[in-house]
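Below is one structure, written out as structure tokens; the observations come after it.
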Amino acid sequence: MKNVTKTPAHVAIIMDGNGRWAQRRHHPRIFGHIRGASRIRDIVLEADRLGVKALTLYAFSTENWERPEAEKSVLWKLLIKFLKREEAELARNGVRLRMIGDIDRLDSKVREVLDPVVSRLSENTGLQLTFAVSYGARQEILLAAKAYARDCLEKRLCPDSLSEEGFSKYLANGDLGPLADVDLVIRTSGEFRISNFLLWQSAYAEYIFLEKCWPDFLPVDLRNAVESYLKRDRRFGGVTLPPLRSAPKEETSA
Ligand code: FPP
């Protein structure tokens with residue numbers, strides 16, 4: 001049991017509602033993605049300022065591959081643009097950039113930009129910024145199970161020794177160590193779903209669902225979410241006992 005007293009170490013955000021944001025303004029959906037992408041920088045810097053140690057942003061799910069080619073192509077262009085435009089600022093702030101998900105599915109043109117940026121920022125020890133791209137939690141858990149089974153078959157491990165902590169290391173963000181578990185998940189756009197995002201790592205996370213769409217999400221919204229998290233009582237399945245007080249007279253004088 002742990003009452004929340006400090007900034008969430010790991011915040012994960014489902015950046016949802018770009019399409020609806022644009023459509024409500026009679027713009028094409030991609031307009032929402034463009035505005036959404038432009039929000040990321042300030043949120044990363046605000047997370048850092050607030051003392052968040054790891055920030056994971058859900059940028060593209062395994063299911064998003066079903067979207068029209070034109071929309072996907074805009075998303076990849078925005079990712080490339082973000083990397084080119086923000087690398088220096090991320091480096092200045094000591095941000096380490098990581099990717100989780102099946103990035104082998106990305107076009108080689110995207111990888112040509114992405115891989116060197118990730119590599120150049122990989123030694124940084126500040127905020128651990130992760131983009132979940134071509135990501136699905138069930139797929140991630142299956143891959144981890146396969147890798148674990150392989151290690152058992154090759155006698156490096158034995159099935160009975162499998163522990164939660166040991167298994168976590170096989171997951172895509174296992175290298176984050178104690179930061180891998182998510183403390184706070186935020187989802188924008190008024191949807192109340194998890195959408196296959198960090199299912200294992202969010203087992204005990206606190207959730208905040210906001211009505212506003214991602215392109216309207218500002219640093220102050222992140223601050224408010226953290227403040228609201230700080231008021232929560234995280235019991236991890238335990239109980240919170242009321243504060244101790246001296247027993248009333250009649251109970252003690254018998
Ligand atoms: C969900 O909105 C958002 C996405 C599928 C993509 C998120 C991408 C960005 C914020 C920009 C590009 C990313 C980077 C890393 C620079 P939606 O399109 O599903 O909205 P809807 O539910 O209203 O249709």
Side-chain angles (χ1 to χ4, degrees), residues 11-48 54-90 93 95-103 105-107 109-118 121 127-137 139 172-173 185-198 209-219 221-222:
V11 175
I13 308 183
I14 304 176
M15 308 182 287
D16 195 18
N18 292 350
R20 273 165 289 162
W21 182 92
Q23 280 163 338
R24 281 175 202 152
R25 287 159 181 80
H26 309 287
H27 290 307
R29 292 173 51 79
I30 58 163
F31 195 74
H33 293 314
I34 295 168
R35 181 61 69 90
S38 76
R39 291 289 179 222
I40 293 176
R41 173 186 198 262
D42 286 349
I43 298 305
V44 170
L45 296 178
E46 184 64 14
D48 199 22
L55 177 68
T56 302
L57 301 175
Y58 205 2
F60 192 90
S61 71
T62 43
E63 293 72 28
N64 289 154
W65 285 109
E66 303 303 321
R67 294 198 173 199
E69 285 305 324
E71 185 170 338
K72 286 186 284 186
S73 141
V74 167
L75 287 170
W76 303 134
K77 283 192 183 123
L78 287 170
L79 176 60
I80 290 175
K81 202 167 157 197
F82 173 87
L83 296 166
K84 287 185 172 168
R85 201 179 48 206
E86 305 301 344
E87 180 183 355
E89 181 71 359
L90 295 176
N93 286 279
V95 175
R96 176 180 174 221
L97 180 65
R98 314 162 58 259
M99 309 298 288
I100 54 171
D102 185 7
I103 58 166
R105 283 185 77 175
L106 303 194
D107 193 275
K109 293 261 177 311
V110 181
R111 295 293 298 272
E112 272 164 28
V113 179
L114 175 65
D115 293 354
V117 176
V118 168
L121 298 176
L127 178 76
Q128 309 285 301
L129 171 64
T130 305
F131 283 129
V133 172
S134 186
Y135 173 85
Q139 292 83 346
N173 72 356
V185 177
I186 301 169
R187 182 178 190 140
T188 55
S189 92
E191 304 285 0
F192 301 96
R193 286 192 291 275
I194 301 311
S195 301
N196 207 11
F197 186 42
L198 297 173
F209 296 97
L210 298 175
E211 276 303 317
K212 59 170 65 183
C213 291
W214 175 253
D216 285 331
F217 189 82
L218 297 172
D221 297 308
L222 181 63

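Note that ligands are numbered from 1 as they come in the structure, with each ligand's atoms numbered from 1 the same way. Both backbone and side-chain heavy atoms feed into the values below; hydrogens, waters and symmetry mates do not.
- Ranking protein heavy atoms by distance to atom 3 (C) of ligand 1, first place goes to Met15 O, 3.1 Å.
- Polar contact check, Tyr58 against ligand 1: no nitrogen or oxygen pair lies under 3.5 Å apart.
- No donor-acceptor pair closer than 3.5 Å links the side chain of Asp216 to the backbone N or O of Cys213.
- Formation of a donor-acceptor pair under 3.5 Å by the Asn93 side chain with backbone atoms of Glu89 is found in this model.
- At a 4.0 Å cut-off, at least one heavy atom of Gly17 sits close enough to ligand 1 to count as contact.
- Note: an N/O pair closer than 3.5 Å links Asn18 and ligand 1 by distance alone.
- Polar contact check, Trp214 against ligand 1: no nitrogen or oxygen pair lies under 3.5 Å apart.
- Listed by number with element, the atoms of ligand 1 under 4.0 angstrom from any heavy atom of Leu79 are 15 (C), 16 (C).
- Residue contact check: Phe82 has heavy atoms under 4.0 Å from atoms 16 (C) of ligand 1.
- Heavy atoms of Asn64 found under 4.0 angstrom from ligand 1 belong exclusively to the side chain.
- For Thr130 (side chain) and Thr56 (main-chain N/O), no donor-acceptor pair under 3.5 Å exists by modelled atom type.
- The contact set between ligand 1 and Arg20, taken as ligand atoms under 4.0 Å from a residue heavy atom, comprises 21 (P), 22 (O), 23 (O).
- A donor-acceptor pair is defined here as one N or O able to donate and one able to accept, closer than 3.5 Å; no such pair exists between the side chain of Thr188 and the backbone of Met15.
- Using modelled atom types, no side-chain atom of Ser195 and backbone atom of Phe197 make a donor-acceptor pair closer than 3.5 Å.
- For ligand 1, the atoms sitting less than 4.0 Å from at least one non-hydrogen atom of Arg29 are 17 (P), 18 (O), 24 (O), numbered in the order shown with element in parentheses.
- When all heavy atoms of Arg35 and Pro215 are compared, the pair lying nearest together is CG-CB, 3.5 Å.
- Judged purely by distance below 3.5 Å, without hydrogens or angles, the side chains of Glu71 and Asn64 never pair a donor atom with an acceptor atom.
- Nearest non-hydrogen protein atom to atom 6 (C) of ligand 1 is Ala59 O, 3.2 Å.
- Atom 11 (C) of ligand 1 has its closest protein heavy atom at Ala37 CB, 3.7 Å.
- The residues Glu112 and Lys109 are annotated as not salt-bridged, no charged nitrogen and carboxylate oxygen being separated by less than 4.0 angstrom.
- No donor-acceptor contact under 3.5 angstrom links the side chains of Trp214 and Ser189, judged on distance only.
- Only the side chain of Ile40 comes within 4.0 Å of ligand 1, judged by heavy-atom distances.
- Looking at Lys72, Arg67, Lys77, it is Arg67 that brings a heavy atom closest to atom 19 (O) of ligand 1.
- Of all the atoms in ligand 1, the ones that sit under 4.0 Å from a non-hydrogen atom of Phe131 are 15 (C).
- Residue Ile14 comes nearest to Arg193 through the heavy atom pair CD1-O, 4.0 Å, listed as atom of the first residue, atom of the second, then distance.
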